[in-house]
Amino acid sequence: MTDMAKPANTNRAIRPPRSQWWDVWDQFKTHKGAMFGAAVFVFIVLFVVIGPLIWQVSPTEMPQKALDLIRGKNLGPSWEHPLGTDQLARDVLARMMAGGKVSLAVGLVAMVISITLGTTVGVLAGYFRRLDGPLMRLTDLFLALPLLPLLLVMVMLFRDPLGRMLGIEVGTFLLIVTAIGITSWMQCARIVRGEVIALKEREFVLAARSIGTPPIRMVLRHILPNVMSPVMVAATLGIAGAIITESALSFLGLGFPPDFPTWGRLLADGADYLQDQPLRVIWPGIAISLTVLSVNYIGDGLRDALDPRIRGR
Amino acid sequence: MFTYTIRRLVLAIPVLLLISLIIFALLKFAPGDPMAQVPMTVPPEVKAKMRAALGADQPLIVQYLLWLKQFFIIEPLHILGTMTGYDLVGNAQRVISWQTRSPVADIIAQRMPQTLTVVGMSYVVGVLIALPIGIVSAYKQYSWFDQIGTFVSMIGFSVPTFFTGVMLILIFSVYLGWFPSIYDTTLVVDSWPHFWLQVRQMVMPVAVLALYNAAQISRFMRASMLDNLQQDYVRTARAKGMTEQVVVLKHVLRNSLIPVVTVIALGVPQIFGGAIITEQVFKVNGLGALLINAIYADDLPMVQTLTFIFAILIVIFNLIADVLYGILDPRIRYD
């Protein structure tokens, strides 16, 4: 017994101190799909963030002369335009970069809104017994709403007023991320509530309460850090969901305005020219699918890496 | 079980009322005007009368109660009346579409069959594909079949349906010319060639939705089979000398189907939501296309009725899923 313990002890003395996150990272590295997904996701992020600095063609600029417009539209791939041009002679590669930036931004911001809402509701419902009933009924009510039709209706109703107030781009962006956020927090709230209820019965919470920790510090210091893992998994999957929802809205014509590129919008526009220029549909479609696929694989890997029962095996 | 079902049904009423109120309140902000499509030459006082005839000049609470009465009393009575041949409603005001000036229920009744054939068929096909895939990939966990199944289902729910739909059109309509890219709803199936046409035009929309559904259900099937395969009763069954076929298909499969059946029931209303996109891609003029067109045309009664019908479907199938769970699994008792 002692013999067994000795090497481990010396080993630990030699190794630098490690936080939990190093263990998580080690486990994450063993998940091939997740590593591949992370690499693809980083590549896509670089493509939309660094890409426009290298490929400095305006995504919205059209030729001034009518003749150039007619000559330059619907071109196939060439050195001048690696992915060709669209029906208004705009560069598709530049539009893919600009569209990706919007799509990813929508995904991230909508995820943050939905996770914040979900975690707040979940923690409140799990920690304060009086709020549990009403908040969970509210969650059930939201789960019973037909979300896609309601999203469409919300965009239809508020796009123009908000666009007038804040400018069409900012207004639509805010509307879409808020709409996606407030229609996708329910799963997160349920998961967090379950975790919080289980945590509340643990000894360390009892210990903290017995030295008189006020509820706010209790939640922030003791409860929240312990529900981080399921929240992080829900967050990754939330990005994927939000990107798909945004592109679906844009595809149905109820997302961003027509001259404002997002991947869903580019796909919808390209669908009209499917017969002559199939690549214009394929590029944004592949971009959406690859992003969502990579994010889903990252979520898969995170789920395994954050589960201490699997970690270290 | 029976009392539980009754209690859930009664509880569903306030939930539905609340949902209808939310939808109604949301639409209250709509800029839509029922007179938007009436020509400018119509004098304002005539327009006011037309507005009054549609009930659009009443206070909101009156409009809401009126809509409730129309939706829950008059429309069901009308449906009952057309089925039995008696005139039960007389001249009572029905829910009127602002777009076509005809009762919303009649338009929905026209569109329903298209959605049900395409969506219903795709769900059945999806389930039929998903179950065997889930069973085999759980039984042969980490085999090449399982790896491929995992990858395909990952693709199934990562690739949005509008992209798979457009890709199928590109490959099978544009390049190969096997299937028509537009769904022809005027087609009457009365002979074998027409039946063949109907099958050909249904292949692609059904395939798109079926792939999406199969991806999700096969994952559930696999997880549930894996849970059950490690149970003690499986070892006991094998120890008794039962053939592998009986152990897997009788003991394990039956038990693993319990959660899967509820997942299948829960997915039914979602498929109507997903069908909105697929119907748009393939130009199927079903309920989803009706909703999109109504949204574009600011046809509020239509949007409201359709959204509410989707909500009713969700509530009903949630209930069905819970009740099925109790019936299938004797360990679960709600009373």
Side-chain angles (χ1 to χ4, degrees), chain A residues 33 37 137-138 140-161 237 240-241 243-254 263-264 267-268 270-271 274-276 278-282 284-297 300, chain B residues 12 14-16 18-19 22-23 26-32 150-151 154-155 157-167 169-171 173-175 181 266 269-270 272-277 280-281 287-288 291-292 294-296 298 300 303-304 306-315 318:
Chain A
R137 291 293 81 73
L138 182 77
D140 289 345
L141 182 74
F142 263 82
L143 279 171
L145 288 172
L147 295 178
L148 188 61
L150 271 189
L151 267 175
L152 296 173
V153 170
M154 277 156 82
V155 174
M156 163 188 93
L157 297 182
F158 299 112
R159 187 164 59 174
D160 293 339
L237 300 182
I243 289 177
I244 284 205
T245 313
E246 183 274 321
S247 49
L249 285 178
S250 295
F251 182 78
L252 292 173
L254 284 160
W263 283 339
L267 203 159
L274 185 62
Q275 245 162 332
D276 305 322
L279 280 175
R280 272 187 58 197
V281 172
I282 293 175
I286 285 180
I288 299 171
S289 312
L290 264 187
T291 315
V292 174
L293 196 64
S294 65
V295 170
N296 275 339
Y297 267 112
D300 227 30
Chain B
V15 170
L16 280 176
L18 210 55
I19 292 177
I22 291 178
I23 297 172
L26 196 61
L27 288 176
K28 188 187 83 165
F29 296 106
T150 310
F151 184 68
M154 205 61 156
I155 286 183
F157 50 74
S158 296
V159 181
T161 46
F162 49 86
F163 184 49
T164 31
V166 171
M167 286 314 290
I169 289 183
L170 184 67
I171 295 170
S173 301
V174 176
Y175 288 144
S181 70
L266 282 177
Q270 280 169 10
F272 281 92
I276 294 176
I277 296 164
Q280 202 68 11
V281 172
L287 292 182
L291 178 73
I292 299 284
I295 285 178
Y296 277 130
D298 279 343
L300 294 190
V303 174
Q304 195 173 356
L306 278 175
T307 334
F308 193 51
I309 287 178
F310 288 138
I312 294 177
L313 282 174
I314 295 177
V315 171
N318 278 352

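Order of the sequence lines sets the chain letters (A, B, ...), proteins ahead of strands, with each chain counted from 1. These numbers come from the heavy atoms of this one structure, side chains and all, not from hydrogens, waters or symmetry mates.
Once rounded to the nearest 0.5 Å, the distance linking CD1 of B/I23 with CG of A/L145 reads 6.5 Å. In this structure, CD1 in A/I244 is found 6.5 Å from OG in B/S158, a value given to the nearest 0.5 Å. Annotation: the span from A/L148 atom CG to B/F310 atom CZ amounts to 9.0 Å, rounded to 0.5 Å. Atom CD1 of B/I276 sits about 6.0 Å away from atom CG of A/L152, to the nearest 0.5 Å. In this structure, CD1 on B/I292 lies 4.5 Å from CG on A/L252, to the nearest 0.5 angstrom. Here CZ of B/F163 is found 12.0 Å from CH2 of A/W263. Values are rounded to the nearest 0.5 Å.
Using a 4.5 Å cut-off between heavy atoms, B/V15 touches chain A through backbone and side chain atoms alike. There is no contact between A/T291 and chain B, counting heavy-atom distances below 4.5 Å. With a 4.5 angstrom heavy-atom cutoff, A/I286 touches chain B via backbone and side-chain atoms both. Using a 4.5 Å cut-off between heavy atoms, B/L291 contacts chain A through its side chain alone, with no backbone atom that close. Both the backbone and the side chain of A/L293 come within less than 4.5 Å of a heavy atom in chain B. Residue B/M154 touches chain A through both its backbone and its side chain, counting heavy-atom pairs closer than 4.5 Å. Residue B/V159 touches chain A through both its backbone and its side chain, counting heavy-atom pairs closer than 4.5 Å. Neither the backbone nor the side chain of A/L147 comes within contact range of chain B, judged by heavy atoms closer than 4.5 Å. No part of A/F142 comes within reach of chain B, as not one of its non-hydrogen atoms sits under 4.5 angstrom from that chain. Only the side chain of B/V303 comes within contact range of chain A, judged by heavy atoms closer than 4.5 Å. Contact of A/A144 with chain B is made through backbone and side chain together, with heavy-atom distances under 4.5 Å.
Few gaps surround OH on B/Y296; more than 12 heavy atoms of other groups in view lie less than 6.0 Å from it.
The residue among B/L306, B/T307, B/V174, B/L18 with the most heavy atom pairs within less than 4.5 Å of chain A is B/T307. Looking only at heavy-atom pairs under 4.5 Å with chain B, the residue among A/G270, A/G264, A/A271, A/A248 that has the most is A/A248.
For B/I312, the side chain to side chain contact (heavy atoms under 4.5 Å, CB included) partners at least two apart in sequence or on another chain are B/L16, B/F71, B/F308, B/I316. In this view, B/S173 satisfies the side-chain hydrogen bond (donor to acceptor under 3.5 Å, both in side chains) rule with no residue, not counting sequence neighbours.
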A/V153 vs B/Q304, test: side chain to side chain contact (heavy atoms under 4.5 Å, CB included). Steps then yes/no.
CA-CA 9 Å; A/V153 170; B/Q304 195 173 356; over 6 Å; no
Step by step, work out the side chain to side chain contact (heavy atoms under 4.5 Å, CB included) result for B/F157 and A/V292.
CA-CA 9 Å; B/F157 50 74; A/V292 174; over 6 Å; no
Test side chain to side chain contact (heavy atoms under 4.5 Å, CB included) on A/L141 and B/I22; report intermediate values, then the result.
CA-CA 10 Å; A/L141 182 74; B/I22 291 178; 3.7 Å; yes
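Side-chain contact between A/V281 and B/L170 is absent, with no heavy atoms from C-beta onward closer than 4.5 Å.
For A/I288 against B/P160, the heavy-atom pair with the smallest separation is CG2-CG, 3.9 Å. The two atoms that bring A/P278 and B/Y175 nearest to each other are CG-OH, 3.3 Å, heavy atoms only.
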